[in-house]
Amino acid sequence: MTTGSVEQADYTSLESPANYTRLLDWVSTLDHKKIGIMYILTAVFYLGIGGFEALLMRIQLALPNNTFLGPKMFNQLFTMHGTTMVFLVGMPILTGFANYFVPLMIGARDVAFPRLNSFGFWIFFFGAALLHFSFLTGSAPNAGWFNYVPLSTKAYSSLQGVDYWIIGLLLMGIGSVSGAINIFATIISLRAPGMSLQRVPLFVWMMLMQVILIILALPALNSALAMLLIDRWLGSAFFDPSRGGSAVLWQHYFWIFGHPEVYILILPGFGMISEVIPVFSRKPIYGYTFVAASSVAIVLLGYGVWAHHMFAVGLGMYADIFFAVGSLLIAIPTGIKVFNWTATLWGGEINFNTSLHFAVAFLLQFVIGGLTGIMFAAVPIDWQLTDTYFVVAHFHYVLIGGLVFALFSATYYWFPKMTGRMLNERLGLTQFWLWVIGFNMTFMVQHFLGMMGMPRRVYTYADNPGWALLNGVASLGAVFMAVGTLVLLWNIAVSLKRGKIAGNNPWDAFTLEWATTSPPPTENFETVPEIKSRRPVWDLNHPESADWKAESTPEDKGRRGNLPKIAAWAFIASEAVFFLLLLVAYVVFNTRSAEEEVTSAVLDVKRTGIFSLFLISSSVTFWIAERFLKRGMQKAFNITLGLTILLGITFLCGQAWEYTGLLMDNITINTDLFSATFFTVTGFHGIHVTAGVIALIVMLILGLKGSLTARKSNVFAAVGVYWHFVDVVWIAVFGIIYLGLLQ
């Protein structure tokens, strides 16, 4: 007995530290592959939550006049379901795949900024947890995933649910932008020798387009969230029409983000399909250049079609025509991809496995979603169907019939690389048919419900002819999809334990991730194969029929760019959009009438102009400091950098002086729309100046210690990009607010 007890105690003491160390290793990891897996696992967790919310709603809607859920709970569920599936499932799972595979596919050892990568994940993780904590307060968000005002204002949502929604999304937005900057810098700067941008795999190209969209679109949402939070917490009136605000402005800002968000979600799916179909057709993709170029066209056009979500608002005939034409045009580059994928399949040596099954289903179902989207570009049709279940069907055919099926295809394709084991094909096909049948049962019938007049976002409905039958079919289909998801999870669990050993390249695939072991080692590669075409692993395994022998592609000129500067410019682009939209709000709210010269009445333009000269001069002293650093003149560098910091602090003191005077005159952020926009724009600028001063102080400390030398001048130059940007923004702010330009 004594011996047995000692052995058990020894076993426990040895096992616990091992488990603790393993957990700590995951929590503290900087390995892009582990962070990618954590993104995917987090998204799968929230997929379960979002799916459960959807099942509860489908139970409620299975029968007319059902009392399973009350209207309050139903509103919370459909708000959290939409928010969860878009922000906590779609975006993070794509970020997870990008984290894992982009460095592997371009021959890099890791992402550009591993610590920023970890920061992005954890701030997303805690933002998501904060959002769902709202359920424990008894007041989850209930104004829809779009959070339209005035429903989301204090007058209609006085509890804290909307506040949790705003803060959670702001945190996740910070994580998403930081992750996007990281992937952008990785693709631009860390490609292996020989891999020009015209040779990157299409998944990498689509991720490049996606992160550009994130960098330029998410700030629109962040600016709207900031203004709504100020409305709710500080009593301003950005979105209160009774006090001169505009509810329509929220819709503009939300959909300036919201429509590019559709492409943020679907472009990576396009990339996944563009990898799967060629491999299982045993052919290069048909028209690589057209697929890549059409993605650029989608990014450009995606910013000019947001208001087709607002045809029913009453924007006017000319605005409706402009956005209708843009919505029709964007279907062209999307259609090009469908023809390219179909042409790749045509005449190929098809390996019709589970991954390709999902890819083909993606093609068919996404086309249906695209065609109904073209219908909504016709304004009269949109007016009739905009608030019906036809929109629900369209949206889900794009993002479930498209994105989710692409994700399933990619899961079966890349699971062997991530784990070293194959998924079971029989279970895979079972899941496939459950999902195909269940998905089309659920959402195909909703087209008919919409045309029959059933409104969306209602918790129950009358026993109208045909409505009960079609809703019952839809609810049964949701059960099929839930069972299919459980089959996938069972398949993964079983395969991880006793699945067939995959080997390094079980598909005889083409791209660089298949040139390393399964799963890859920490450093990804021992050696990277020579890259002379778009299919380097094919060239390596089939030298007699290598692509570069038959078709030349643009050679790599070796230009990669400076990592800190690339990241800084990407961040500046994001912040520029944020400030642009805040300034647009100022102009909109302060140019609609000429009641009085508000600016000259409350602002001391001359005094602020003097302090503005201090800030602008700091850009000159920074430039001089940078020259000194590059020449190795350390003492002169420290002096001029210190002067730059002093000028920045002097400007902040001037702003504090101005704020003090306004507050003493009882002019606060909730006085009127001028004060709201003034304090918001200048306040956020002041926060950015403060952050810049802190960064400069850190640089000065490093300089005084001798750690910041000419060899590290690129890091200092990246800080300079930010500091010069802050000065340029103030020039725009001073011209528009203080001098009255554009008013």
Side-chain angles (χ1 to χ4, degrees), residues 15 18-19 22-23 25-26 29 31 33-52 54-55 89-90 92-94 96-97 99-101 104 269 272-273 275-276 279-280 351-362 400 403-439 477-509 513-514 516-521:
E15 192 71 7
N19 290 335
R22 192 177 299 115
L23 176 62
D25 180 55
W26 278 90
T29 186
D31 183 358
K33 297 180 292 296
K34 287 185 175 180
I35 291 175
I37 290 172
M38 289 195 294
Y39 267 115
I40 293 171
L41 292 177
T42 304
V44 170
F45 171 76
Y46 284 110
L47 175 64
I49 293 177
F52 180 67
L55 280 175
V89 178
I93 201 168
L94 295 172
F97 274 98
N99 261 279
Y100 198 103
F101 287 106
L104 288 167
M272 293 168 175
I273 294 301
E275 299 302 326
V276 168
V279 168
F280 297 125
N351 176 9
F352 217 173
N353 56 18
T354 303
S355 182
L356 192 60
H357 271 77
F358 277 111
V360 172
F362 160 91
I400 294 184
L403 173 60
V404 173
F405 274 72
L407 284 167
F408 286 148
S409 178
T411 298
Y412 282 88
Y413 176 63
W414 276 319
F415 184 85
K417 176 54 57 180
M418 298 174 75
T419 65
R421 294 183 180 272
M422 306 290 288
L423 285 169
N424 184 282
E425 283 289 311
R426 182 175 296 177
L427 288 175
L429 290 176
T430 301
Q431 181 215 345
F432 170 78
W433 287 113
L434 284 169
W435 260 85
V436 167
I437 295 169
F439 169 77
V479 175
F480 274 68
M481 287 189 286
V483 174
T485 304
L486 293 176
V487 171
L488 172 62
L489 296 176
W490 175 254
N491 195 352
I492 290 172
V494 171
S495 298
L496 285 173
K497 287 187 176 181
R498 55 176 184 270
K500 179 183 175 183
I501 301 298
N504 293 343
N505 189 1
W507 311 124
D508 191 17
E513 75 271 28
W514 302 103
T516 186
T517 59
S518 301

The complete set of salt bridge (Lys or Arg N to Asp or Glu O under 4.0 Å) pairs with one or both residues in residues 422-434, sequence neighbours excluded, reads none

Result of checking Phe280, Phe432, Trp414 against Ser355 for side-chain contact (heavy atoms from CB on, under 4.5 Å): Phe280

Any side-chain to backbone donor/acceptor pair from Ser409 onto Leu356? Under 3.5 Å, distance only. no

Please check if the side chain of Lys417 supplies one atom and the backbone of Thr516 the other of a donor-acceptor pair under 3.5 Å. yes

Please name all residues satisfying ring-ring contact (aromatic ring centres under 6.0 Å, His included) with Tyr46, sequence neighbours left out, ordered by chain then number. His132

Tyr100: ring-ring contact (aromatic ring centres under 6.0 Å, His included) partners, not counting sequence neighbours: none

With sequence neighbours left out, the residues meeting side chain to side chain contact (heavy atoms under 4.5 Å, CB included) with Ala406 are Ile273, Phe362

By side chain to side chain contact (heavy atoms under 4.5 Å, CB included), Ala509 pairs with (sequence neighbours left out) Val279, Tyr413, Asn505, Trp507, Trp514

Distance, nearest 0.5 Å, that separates [atom1] of [X] from [atom2] of [Y]:
X      : Y      : atom1 : atom2 : value
Met422 : Phe415 : CE    : CZ    : 10.0 Å
Ile492 : Asn424 : CD1   : CG    : 12.0 Å
Phe97  : Met418 : CZ    : CE    : 6.0 Å
Leu423 : Thr354 : CG    : OG1   : 8.5 Å

Identify the heavy atoms of [X] and [Y] that sit nearest to each other, and give their distance.
X      : Y      : result
Val276 : Ala359 : CG1-CB, 4.2 Å
Ser518 : Pro416 : CB-O, 3.4 Å
Gly428 : Tyr412 : CA-OH, 3.1 Å
Ile501 : Arg421 : CD1-NH1, 3.5 Å
Leu496 : Thr419 : CD2-CG2, 3.7 Å

Looking at side-chain heavy atoms only, is the closest gap between Leu94 and Leu403 below 4.5 Å? yes

Under the side chain to side chain donor-acceptor pair (under 3.5 Å) rule, collect the residues that match up with [X], sequence neighbours excluded.
X      : result
Glu275 : none
Ser495 : Asn491
Thr411 : none

Distance-only donor-acceptor hits, side chain of residues 482-490, under 3.5 Å, sequence neighbours excluded:
residue	atom	partner	partner atom	Å
Thr485	OG1	Trp435	NE1	3.3
Thr485	OG1	Met481	O	2.9

Using 30° and 60° as the class boundaries, would you call the ring planes of Phe405 and Phe408 parallel, tilted or perpendicular? perpendicular

Please walk me through it: do Phe358 and Gln431 pass side chain to side chain contact (heavy atoms under 4.5 Å, CB included)? CA-CA 10 Å; Phe358 277 111; Gln431 181 215 345; 3.7 Å; yes

Donor-acceptor contacts under 3.5 Å from residues 33-41 side chains, at least two apart:
residue	atom	partner	partner atom	Å
Lys33	NZ	Asp31	OD1	3.1
Lys33	NZ	Pro521	O	3.1
Lys33	NZ	Thr522	O	3.1
Lys33	NZ	Asn524	OD1	2.7
Lys34	NZ	Asp25	OD2	2.3
Tyr39	OH	Phe121	N	3.2

Near Trp26 CH2, under 6.0 Å, is it more than 12 heavy atoms from other residues, nucleotides or ligands? yes

